[in-house]
Amino acid sequence: MSTGLRERAAAELTRTRQRSVGLTDAVDDDDLVRQHSRLMSPLVWDLAHIGNQEELWLVRDVGGREPVRADIDQLYDAFKHPRGERPQLPLLGPAQAREYVRTVREKVLDLLDSVELAGRPLVEQGFAFGMIIQHEQQHDETMLATHQLRTGDPVLVAEPAPRSRVIVAGEALIPGGPFEMGTSLEPWALDNERPAHAVEVPPFFIDRAPVTNAMYQAFIDAGGYDDPRWWTERGWAHRQEAGLAGPAHWHGDGTYTRFGRREPIVGDEPVVHVNWHEASAYATWAGRRLPTEAEWEKAARLDPATGRSRRYPWGDDDPTPEHANLGQRHLSPAPVGAYPAGASPAGVHQLIGDVWEWTSSPFGGYPGFRAFPYREYSEVFFGDDYRVLRGGSFGTDAAAVRGTFRNWDYPIRRQIFSGFRCARDPRPGELAA
Ligand code: AVJ
Ligand code: FE
């Protein structure tokens, strides 16, 4: 009965590993062990950490097998050593790390054939395998962000993003009323996406597309970075302290550098590498605001015909290359309007893929939240320190994002592939028939 599940898990594990190998084989050994930014781990740490999580959860816990390398657990425990310290640790070298992840993977593919996929919550519907696939994909996106911070000759290649597009402008009205947020059904949804619960969301307007480079340039040209009126107090303090003048990787002369290539900025592409403070300053300047997390999810999931919450803006089908710019298929966001097949019924485009979208919401647990299978995935991050991002980026794999998926980061961070879109309340009388 669970043959399909096993085959799917094996196929996804293999496909995901190809990506990890691509990201780590693209550079030489010096580059693998080097720290490209204090914000990031050396790539060789991410690689062995991927293997170590797989060993902990699948080899030892699910499979009940002997440890492969119990001696290295603490080196790859993200809570023991902050990223900045990781290059100083006695890490596995490139050849050892590759050998380690291969050994772990062989054991996992072996046990996947025979392990009982029922009877314990951890294995129900293959959850632990799905969790580990998503974990590896999340670190692949982190490694892609490290590649963006790396200096030197370009090493990554991909098809350029599509140029053909439809015109997408203005905003969509999302009607008020209850909506089901989160999920209790999606088998590989992580703990913070659960459980499904009703949320009352008043009517709001949301942009049909993310804010583009050209729109963001207008904010810069209007002196937005020099006017504290648009910034929160903390945002302004950070803007001053960090000397921010535009998105990361912009040179101030109409060019940006992406994965080692300096190119003219494409105006109709979603802006990327802005932090939460920059996003909210833009929105305030534009007379608008960031959407709340519930608003974002309602715009992405509500089927107005049935009132049901779907998995994606386009319905329940898994993403294809026609729906969204995902999976590092391209090394950039695609222009606004490039994915008409991925739009929601209300005509909101590119909610999934292209750029992670900042919301105004802090990261917290839904009513009825239960940490599963470990508190350190989500629960320890709940509180006011983080802001939620939604929808995934061009660097997010389809296996690691959906309408309910929640990402989070500090409001000052912009090394991730982060952009945003704006929303607003209806004006008084605007909705009167
Ligand atoms: C969900 C992307 C915030 O990378 O910090 C990886 C995912 N958790 N390993 C992160 C994660 C443990 C997490 N984010
Ligand atoms: Fe991790």
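One-based numbering, in listed order, for ligands and for the atoms of each. Numbers for residues simply follow the sequence, beginning at 1.
- Taking the six-membered ring for Trp and thresholds of 30 and 60 degrees, Trp57 and Tyr374 have ring planes inclined between 30 and 60 degrees apart.
- At a heavy-atom cutoff of 4.0 Å, ligand 1 is contacted by the side chain of His135 but not by its backbone.
- Between His139 atom NE2 and His49 atom NE2, the angle centred on the Fe ion (ligand 2) amounts to 90° (nearest 10°).
- Annotation for Leu351 and Ala300: closest pair CD1-CA, 3.7 Å, computed over non-hydrogen atoms.
- In terms of protein heavy atoms, atom 11 (C) of ligand 1 is closest to Gln138 OE1, 3.5 Å.
- Atom 13 (C) of ligand 1 is not flagged as protein-proximal [any protein heavy atom, distance under 4.0 Å].
- Here Tyr377 has side-chain heavy atoms under 4.0 Å from ligand 1, and that is the only part of it that gets that close.
- Salt-bridge check for Arg288 with Asp207: passed, with a basic side-chain N closer than 4.0 Å to an acidic carboxylate O.
- Scanning the protein for heavy atoms near atom 4 (O) of ligand 1, the closest one is Thr142 OG1, 4.2 Å.
- Under the 6.0 Å distance and 45° angle rule, Arg414 does not count as a cation-pi partner of Trp250.
- Protein heavy atom in closest approach to atom 3 (C) of ligand 1: Asn407 OD1, 3.3 Å.
- The cationic atom of Arg86 (NZ for Lys, CZ for Arg) does not lie both less than 6.0 Å from the six-membered ring centre of Tyr76 and within 45° of the ring axis.
- Look at Arg402 and Glu186 and you find no salt bridge, because none of the NZ, NE, NH1 or NH2 atoms lies under 4.0 Å from a carboxylate O.
- Screening Trp231, Trp230, Tyr282 for a ring-ring contact (aromatic ring centres under 6.0 Å, His included) involving Tyr225 leaves a single residue, Trp231.
- Closest protein heavy atom to atom 5 (O) of ligand 1: Arg83 NH2, 4.7 Å.
- Of the protein's heavy atoms, His139 NE2, 3.3 Å lies nearest to atom 6 (C) of ligand 1.
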